[in-house]
Student: 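I'd like to ask some things about the structure below.
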Amino acid sequence: MLLAEAVVSLTSGGRSSLDVATLGYVAALGGLDDAARGAMVEGLAWLRDRVWFRPQQAPTLEADGVSALGVALAASALGRAGSEAWLSRLVTRSVALPGLPPCERSLFAAAAEVLAVPGRPALDAMAPVARVALAVRGIGPGTSEAERAAAWSQAHRFSGDDFVEATLTLAALDALAEVSLPAKLGVAEPADVVRLLEGVHRSMRRWAWDQAPLTQHSRTARWDISNEYHVQDLLWALLAPVFPDLTDEENLPSVGQKNPRADLTIASLGTIIEVKFLRPRASFQSIIGEVAEDASLYRTDPRWTSLVPFVWDDSARTEEHAMLVKGLCTLPMVVGAVVVPRPRKMTLVPPPDAAPGA
C-alpha cells in the first residue's frame, strides 16, 4: 500500500521526500519493480534540484532522520551513494543540528554511513538502540558486547511516546533476543546453551590465579582446573542459575552392556552437555571419537535431542580448535561445540607427588 502510494505521488506531482524514502526502504529489501525504480530515480532528481536550509523556512528533510536514511538507501540502491554530493552535505549538516533528538541524530549518522561520507560521525556516537537496530539491517559493522549491553539498558528504560525511538527500540529488542538469554524472558533453546558456554573463555579473565596474596589477610589463590570434574564444576556454576532443571551425572538407560551416563543435562531443552578434558599428549581425533560414541548411545533415549560437547584443552593448542569444532558439529545430535584453551596465565602446576622432571 505505501509503495503504491509513493509511486503515485512521485509520478503525479504531489511528491515529498518521504515518498522517495519509502521507495529507498523497499529497495533495501530488494522489492522494487521497474515502475517504482523509475519513480525513485525521478524523485532523487527532484530532491537534488531543491535548495535546502533556506532561511526563514521550516526544515523538512533537513530535520527528518527517517526520510534522510530512506533517501540515502535509495541513492545506494541506484549505485549513486558516492555521487549524490547534495545529500552528503545535507546529512553532514543535519547531524550537527542543535536540539535534534538522539534517535533522529542517529538516523542522520546512519545515512552518512550508507553514503560513506568522508569525516562522518563515529558509529559509537549513535544512540545504543539505533546502533543495534541498524547494524542487524547491515548498516555499519556488527556490534560489540558492550554496545549490545548499552542498547539493552536503554531499551528496558524506554517510557516515552516518540515514534522513531519506539520503533528503533523494538527493532533493537528483536535483535538482542537472538543473542541475549535475558532478553528472551526465559524462553531458551539449545543454541542459547552454546552461546553461554562460548562465553567461558571471557569468564577466565577474572579467574583467580594470584602471583601473591591480594590483601593483607588473604592467601594466594589459584583455582586450578586439572581434570574433567573441575570443568563440570565450572559449567555447573555457570548454568545452574539459568537452568533450574540442570542435572549432573545422569544415568541413561542401558544399551546392552553399556551404561551411559551424561555429564550435565537440561531436561526442559532435551540437551546434554558432554565435557571432555584434553591433556597435552591426547589427540583431537580421540575427542571426536569419544563424542561420536557418546552420541550414538544418547540417541537411544528419546528424551535427549541435542548434544553440546565442551572441551577444555589443557595444552592450549588453539591452532587446532576450529577444525575440532567443525568436526564435532558434523556428529549426530550435536547443535554446537565449544573448545576453551587453558589460559596462558594458568601455568601448569605439577601434582605434589610428581617425580622431578615428570
Side-chain angles (χ1 to χ4, degrees), residues 25 28-29 63-70 72-73 76 91-189 191-207 237-239 241-243 336 338 340 343:
Y25 284 115
L29 298 174
D64 183 354
V66 175
S67 292
L69 177 55
L73 291 171
S76 178
V91 299
T92 300
R93 185 171 175 181
S94 294
V95 78
L97 286 175
L100 202 63
C103 283
E104 289 282 359
R105 195 180 308 280
S106 297
L107 292 176
F108 278 111
E113 184 72 17
V114 170
L115 297 169
V117 177
R120 56 191 177 275
L123 290 177
D124 58 10
M126 297 171 63
V129 292
R131 180 76 183 86
V132 169
L134 295 171
V136 79
R137 298 294 188 272
I139 299 176
T143 53
S144 67
E145 183 173 349
E147 288 171 323
R148 293 191 293 272
W152 172 244
S153 178
Q154 181 185 356
H156 86 265
R157 288 183 172 86
F158 174 71
S159 60
D161 56 2
D162 182 81
F163 175 77
V164 174
E165 185 177 0
T167 301
L168 290 172
T169 298
L170 179 59
L173 284 172
D174 285 342
L176 291 169
E178 293 300 316
V179 296
S180 172
L181 188 62
K184 299 184 80 162
L185 304 177
V187 181
E189 299 174 351
D192 296 311
V193 178
V194 179
R195 293 189 185 103
L196 276 173
L197 297 181
E198 286 174 340
V200 168
H201 75 283
R202 292 190 64 249
S203 302
M204 303 310 295
R205 186 177 70 84
R206 293 298 301 267
W207 197 254
L238 173 69
L239 297 172
V242 182
F243 301 103
V338 179
V340 173

Student: I'd like to check Leu197 versus Leu238 (side-chain heavy atoms, cut-off strictly below 4.5 Å). Are they in contact?
Tutor: yes
Student: Who are the side chain to side chain contact (heavy atoms under 4.5 Å, CB included) partners of Ala68, not counting sequence neighbours?
Tutor: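 Partners of Ala68 by the side chain to side chain contact (heavy atoms under 4.5 Å, CB included) criterion, ordered by chain and then number, come out as Leu61, Val91, Phe108.
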Student: Are the side chains of Glu165 and Gln154 in contact, using a 4.5 Å heavy-atom criterion?
Tutor: yes
Student: With sequence neighbours excluded, what pairs up with Ala150 under the side chain to side chain contact (heavy atoms under 4.5 Å, CB included) test?
Tutor: Pro128
Student: I'd like to check Leu173 versus Thr169 (side-chain heavy atoms, cut-off strictly below 4.5 Å). Are they in contact?
Tutor: yes
Student: For a quick test of reading the model, state the closest non-hydrogen atom pair linking Val338 to Glu198 and the distance between them.
Tutor: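 Here Val338 and Glu198 meet closest at CG2-CG, 3.8 Å.
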Student: Check whether Thr167 reaches the backbone of Phe163 with its side chain - one donor and one acceptor, N or O, closer than 3.5 Å.
Tutor: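 Yes, Thr167 side chain to Phe163 backbone: donor-acceptor pair under 3.5 Å.
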Student: Quick check: do Val66 and Tyr25 have side-chain heavy atoms less than 4.5 Å from each other?
Tutor: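 In short, these two side chains touch, coming nearer than 4.5 Å.
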Student: Is Glu113 close to Leu134 at the side-chain level, that is, under 4.5 Å between some pair of heavy atoms?
Tutor: no
Student: Could you pull out the closest heavy-atom pair between Ala130 and Leu168, with the gap in Å?
Tutor: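 Shortest heavy-atom contact: CB-CD1, 3.9 Å.
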Student: Work out which heavy atom in Leu73 is nearest to a heavy atom in Ala28; give both atom names and the distance.
Tutor: CD1-CB, 4.2 Å
Student: By the salt bridge (charged side-chain N to carboxylate O under 4.0 Å, His left out) test, which pairs, at least two apart or in different chains, include something from residues 96-110?
Tutor: none
Student: Restricting to non-hydrogen atoms, name the atom on Arg131 and the atom on Pro141 that form the minimum distance, rounded to 0.1 Å.
Tutor: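 Taking every non-hydrogen atom into account, NH2-O, 3.1 Å.
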